[in-house]
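First up is the structure itself, then whatever we jot down about it.
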Protein chains: 2
Amino acid sequence: MKEVLPTFNSAVSIDCVLFGFDEGELKILLIERNEEPFKDWWALPGNLVKPDESVDQSASRILHELTGLSNIYMEQYYTFGEVNRHPQGRVITVAYYALLRLSNEKSLKPLTSFAKKAQWINVQQLPPLAFDHLNIFDKGLEKIKRRIKYLPIAFELLPEKFTLTQVQHVYEVILGKKLDKRNFRKKILSFGVLKELDEKQKGVSFRAATLYKFDRRKYAKLYGKEFSF
Amino acid sequence: MKEVLPTFNSAVSIDCVLFGFDEGELKILLIERNEEPFKDWWALPGNLVKPDESVDQSASRILHELTGLSNIYMEQYYTFGEVNRHPQGRVITVAYYALLRLSNEKSLKPLTSFAKKAQWINVQQLPPLAFDHLNIFDKGLEKIKRRIKYLPIAFELLPEKFTLTQVQHVYEVILGKKLDKRNFRKKILSFGVLKELDEKQKGVSFRAATLYKFDRRKYAKLYGKEFSF
DNA sequence: ATATAGTGTGTATTTGTTACACTAAGTAGT
DNA sequence: ACTACTTAGTGTAACAAATACACACTATAT
């Protein structure tokens, strides 16, 4: 094993794939690294786990440092433990995906304490990534593809009030395929967890769509932990 | 943080939930611990990850030490990283489930290098477990419940040649519910990945059932990575 | 007034899911 | 040889869900 940085031995880190949905595109937040190794490369936001925090707490902290927000929806999905994944020593990393509503104001102002800058980048156009981060991202996308079929995670990416077309776009971009409008609406409404509001979309130059919101209460009552899209 | 065992700081371990299917029962292999903490308690087999092995390799090694076998089907499913899950220091553990064919000869002869003894125990009748191992087990069972619906893992628990009734029993015991015989057969055969053999069950005191085997080749060709039970 | 762009809706067809019960075949005992 | 026993093996009807598909409506901008 590498002796370069003995303090790295058996270190545990967290990496986060923070997804956002904006203008019909699925994006992730990447940072530009400030330090070797992979200085100036794009990377997933991440950090070492501190002795006094659980891995979940560590992920929360990293997301908080990045965005200034608490209570971001996140879930652990895989641990990457190849011996040589970090060039300076042994670092096992626990990966989380996280989902964020990108309202237009706050979308591009992450704090940048541990990187030169951070930027939302379309998942279709990712630059080369540091370490094994491309692999980590791929597996994360795979996970949300699966989980959007039984967990109501689409609504974590949307504003509180949304149109059915927006929901459909989230499903389409995550699943990577077009869906039929009528069938989609029938299905998503059939779950009985969307509440139609007495309110219409604003600021569009065409017929305004009805707004809905996700009813967590009904969801919990009807499905407990999961539905089946 | 605990200073009792400073070498424990940020250690990473592996724990394995090794499932076996025997006489219609789903069992896991537990060890009786030889050392403090939790001396004499039952626990999941596990060990620290060594500096020169990946987490996957570490899990393989542990399974090999336990059973003498290589190439056991296994998959990582979650990492448990609460600060106080280990009383003597910080140990983050990566959990794997593994699936084993229990043929009658080899079933109860695991090597016991890091435990007093090891024993197959019905998952319905688990004793109290050391650490947070009950939690780790629960989450593992949940995972295979989900994954048996889209991965051909049932066949990992069965001998190479098996009857359809045996397959059904595996599904029933993992999903925790009875299934209709005719509907089950229709469905499992409709996948087109079972090969009917010119051979019957032996040694039974009633009409012998036809034997089948799982055709990995066809499976890969038809489904690539997954089907949908 | 009209062009434009997205909203919102119904039905027929196909496919999959569920519920359900009897006969066939082999073994063991007499 | 017969009988009793135990599991294997099979079909269909009713219902539910998934799919494929097209047009009129409405708000806005010009």
Side-chain angles (χ1 to χ4, degrees), chain A residues 21-25 145-146 148-150 154 158-159 161-173 175-213 222-223 226-229, chain B residues 21-25 148-150 154 158-159 161-173 175-213 222-223 226-229:
Chain A
F21 179 76
D22 189 28
E23 319 253 329
E25 294 182 347
K145 256 186 208 186
R146 181 171 302 284
I148 201 171
K149 296 201 165 189
Y150 60 90
L158 290 168
K161 300 171 180 183
F162 48 78
T163 70
L164 294 183
T165 301
Q166 287 176 307
V167 185
Q168 185 177 340
H169 288 334
V170 170
Y171 273 85
E172 287 180 338
V173 75
L175 295 176
K177 63 179 180 194
K178 285 253 164 255
L179 301 171
D180 178 83
K181 182 157 74 160
R182 278 171 294 189
N183 295 337
F184 179 82
R185 287 170 172 239
K186 210 188 308 173
K187 190 162 188 174
I188 205 87
L189 289 175
S190 77
F191 294 134
V193 298
L194 294 186
K195 189 153 135 197
E196 184 173 348
L197 302 177
D198 256 348
E199 208 174 333
K200 302 269 165 180
Q201 205 177 16
K202 290 225 169 85
V204 288
S205 69
F206 46 80
R207 176 180 179 183
T210 302
L211 292 172
Y212 289 79
K213 64 184 198 184
L222 288 172
Y223 298 99
E226 62 187 66
F227 59 8
S228 173
F229 179 75
Chain B
F21 179 76
D22 188 28
E23 320 251 329
E25 294 183 348
I148 201 173
K149 297 201 165 189
Y150 61 89
L158 290 168
K161 301 172 180 183
F162 48 78
T163 70
L164 294 182
T165 301
Q166 287 176 307
V167 184
Q168 185 177 341
H169 287 332
V170 171
Y171 273 85
E172 287 180 336
V173 74
L175 295 176
K177 63 179 179 193
K178 284 250 165 260
L179 301 171
D180 178 82
K181 181 159 75 160
R182 278 172 292 189
N183 294 337
F184 179 83
R185 287 169 172 241
K186 210 187 308 171
K187 190 161 189 174
I188 205 87
L189 289 174
S190 77
F191 294 134
V193 298
L194 293 186
K195 190 154 136 196
E196 185 173 347
L197 302 177
D198 257 348
E199 206 174 334
K200 302 270 168 182
Q201 207 176 14
K202 289 225 170 85
V204 289
S205 70
F206 47 80
R207 175 180 178 183
T210 302
L211 292 171
Y212 288 79
K213 65 182 194 186
L222 288 173
Y223 298 99
E226 61 189 66
F227 59 6
S228 173
F229 179 77

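Proteins get letters first, then strands, A, B, ... in listed order; numbering begins at 1 in each.
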For B:Q166 and B:T163, indicate whether the former's side chain and the latter's backbone hold a donor-acceptor pair under 3.5 Å.
yes

How many Å lie between NZ on A:K149 and C1' on D:dA18, as a whole number?
12 Å

Does the side chain of B:S228 come under 3.5 Å of the side chain of B:K149 through a donor N or O and an acceptor N or O?
no

Which residue, A:Y212 or B:K200, contacts DNA chain C at a nucleotide closer to its 5' end, judged by nearest heavy atom?
A:Y212

Regarding C:dT9, can its base be found pairing with the side chain of A:K186 as donor and acceptor, where the two atoms are less than 3.5 Å apart?
no

Please check: side-chain N/O of B:Y223 versus main-chain N/O of B:F191, any donor-acceptor pairing under 3.5 Å?
yes

Closest to side chain of B:R185, choosing from D:dT10, D:dT12, D:dT19:
D:dT10

Which part of the nucleic acid does B:T163 contact within heavy-atom distance under 4.0 Å: base, sugar-phosphate only, or nothing?
nothing

Quick one: the side chain of A:R207 and the base of D:dT26, do they pair up donor-acceptor inside 3.5 Å?
no

Whole angstrom is fine here: how far is it from CG in A:D180 over to C1' in C:dG8?
13 Å

Taking atom types as they are modelled, is there a donor-acceptor pair under 3.5 Å from the base of D:dG9 to the side chain of B:K181?
yes

Rounded interatomic separation in angstrom, taking CG from A:L189 and C1' from C:dG8:
11 Å

Measure from the side chain of A:S205, starting at C-beta and using heavy atoms only, and say which of C:dA19, D:dT28, C:dA21 lies closest.
D:dT28

Whole angstrom value for the distance that separates P of D:dA8 from CD of B:E196
14 Å

CG of A:L175 versus P of D:dA18: gap in Å, rounded?
14 Å

For B:T165 and D:dT7, is the shortest distance between a side-chain N/O and OP1 or OP2 below 4.0 Å?
no

Would you kindly compare A:A208 and B:F206 by the position of their nearest DNA chain C nucleotide and give the one closer to the 5′ end?
A:A208

Classify the side chain of A:R182 versus the base of D:dA22 as yes if they form a donor-acceptor pair under 3.5 Å and no if they do not.
yes

hbond_proxy B:K187 side chain to C:dT18 base (donor-acceptor, 3.5 Å cutoff)
no

Return the value, rounded to whole Å, for the distance between atom CZ of B:F184 and atom P of D:dT10.
15 Å

Going by heavy atoms in the side chains, are A:V167 and A:F162 under 4.5 Å from each other?
yes

d(CD, B:Q201; P, D:dA8) in whole Å
6 Å

Nearest whole angstrom, please: distance from the C1' of C:dT27 to the NZ of B:K202.
16 Å

Applied to residues 187-199 of chain B, the side chain to side chain donor-acceptor pair (under 3.5 Å) test, sequence neighbours excluded, yields B:K161-B:E199

